[in-house]
Amino acid sequence: MNDTEELPCTKCGGTFAATEFYAAKRNVRRAGRHSWCKTCVRADLKRRREQQDARARAASAAANRLNQRRVRLARYGLTIEGYERLFAEQGGACAICRKPEVVRQPRRVTGAEPLAVDHCHRSGKVRGLLCMKCNTAIGKLNDDPALLRSAAAYLEAAV
């Protein structure tokens with residue numbers, strides 16, 4: 001085969017000079033030339049590299065999220081397994097309003113929040129898992145049972 005001979009690319013269907021094909025040691029039928037043109041081979045390699053990079057970035061992001069979750073739970077002396085156990089004990093619902101946690105993914109993905117770890121600010125002891133509304137409500141009332149009872153009495157009298 002000479003370099004002026006034209007060969008078809010089995011990928012794009014174009015016909016090109018033999019010099020537009022990479023040498024292939026195993027392809028005897030095409031006189032030692034790759035069946036795809038150089039442009040198609042490069043495009044395929046670039047696509048594969050991008051897919052590999054995307055998979056690596058996704059794996060890295062997942063590992064990062066898992067590590068962030070571990071660090072956040074460690075503040076309260078919890079492991080991921082401890083959180084999951086508490087979550088199961090509460091039936092996957094808020095300890096106050098009993099509304100179930102619908103989606104357990106990061107807020108930026110779904111708009112939903114995982115149950116928050118409620119803890120005593122004095123002792124640091126974990127009390128349970130709460131939805132954001134209930135956690136915020138008791139926090140705004142300084143975790144004071146007397147204020148919470150007063151708020152409940154106010155609401156009951158106002159009905």
Side-chain angles (χ1 to χ4, degrees), residues 9-14 20-27 34-159:
C9 173
T10 59
K11 174 76 172 162
C12 68
E20 290 301 310
F21 292 83
Y22 288 111
K25 294 177 185 170
R26 287 183 251 148
N27 196 340
H34 199 283
S35 61
W36 290 3
C37 66
K38 289 179 178 180
T39 304
C40 290
V41 169
R42 284 188 212 117
D44 187 60
L45 288 172
K46 181 179 179 184
R47 180 190 56 80
R48 287 183 193 198
R49 247 189 326 273
E50 287 170 353
Q51 285 177 339
Q52 194 174 23
D53 290 348
R55 282 192 297 269
R57 279 193 306 274
S60 175
N64 209 9
R65 281 191 301 275
L66 185 61
N67 191 43
Q68 287 173 347
R69 186 172 182 214
R70 278 193 186 106
V71 168
R72 217 172 21 254
L73 291 174
R75 290 181 200 157
Y76 311 113
L78 276 178
T79 61
I80 291 175
E81 294 77 19
Y83 178 94
E84 296 296 333
R85 189 172 36 258
L86 195 53
F87 183 82
E89 287 171 8
Q90 289 184 200
C94 172
I96 295 176
C97 70
R98 305 305 307 158
K99 288 184 182 171
E101 180 183 54
V102 180
V103 179
R104 297 185 60 212
Q105 292 181 350
R107 180 181 189 176
R108 62 187 165 273
V109 175
T110 63
E113 288 277 345
L115 294 176
V117 177
D118 178 44
H119 62 285
C120 174
H121 289 264
R122 283 182 224 107
S123 69
K125 182 181 174 196
V126 173
R127 296 185 284 222
L129 303 176
L130 302 178
C131 69
M132 287 302 172
K133 285 183 180 181
C134 291
N135 192 39
T136 302
I138 65 170
K140 297 268 186 202
L141 294 173
N142 300 320
D143 296 351
D144 185 347
L147 278 175
L148 288 166
R149 280 191 286 277
S150 178
Y154 166 79
L155 288 174
E156 288 169 350
V159 174

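Every value quoted in this text rests on a predicted model; they were computed, and no experiment measured them. Note that the numbering runs from 1 along the sequence shown for the chain. Note: hydrogens, waters and symmetry copies are ignored here, and every other heavy atom, side chains too, is used.
Within the structure, side chain to side chain donor-acceptor pair (under 3.5 Å) pairs that include any residue of residues 38-47 comprise Y22-R42, D44-R47, D44-R48, R47-Q51 (at least two apart or interchain). Under the side chain to side chain donor-acceptor pair (under 3.5 Å) criterion, no residue pair touches residues 128-137, with sequence neighbours excluded.
Annotation: side-chain hydrogen bond (donor to acceptor under 3.5 Å, both in side chains) contacts of Y76 (sequence neighbours excluded): none. For the side-chain contact (heavy atoms from CB on, under 4.5 Å) test, residues two or more places apart in sequence or in another chain that qualify with R75 are R72. Legend: residues meeting side-chain hydrogen bond (donor to acceptor under 3.5 Å, both in side chains) with R127, ordered by chain and number and at least two apart, are D118, D143. Residues passing the side-chain contact (heavy atoms from CB on, under 4.5 Å) test with S123 are C120, K125, sequence neighbours excluded.
How far CG of L115 is from SG of C134: 10.0 Å, rounded to the nearest 0.5 Å.
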Pairs under 3.5 angstrom only: tabulate donor-acceptor contacts from the side chains of residues 85-98 to other protein residues two or more places apart or in another chain.
from	atom 1	to	atom 2	distance (Å)
Q90	OE1	L129	N	2.8
Q90	NE2	A93	O	2.9
Q90	NE2	L129	O	2.9
R98	NH1	C94	O	3.2
R98	NH2	Q90	O	2.6

Acceptor/donor pairs from residues 151-159 side chains to any protein atom, 3.5 angstrom cut, sequence neighbours excluded:
none

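Panel note: side chain T10, backbone S35; a donor-acceptor pair is recorded below 3.5 Å. For N142 (side chain) and D144 (main-chain N/O), no donor-acceptor pair under 3.5 Å exists by modelled atom type.
Contact record, L147 with L141: CD1-O, 3.5 Å, taken as the closest heavy-atom pair.
Using a 4.5 Å heavy-atom cutoff, the side chains of F21 and V41 are not in contact.
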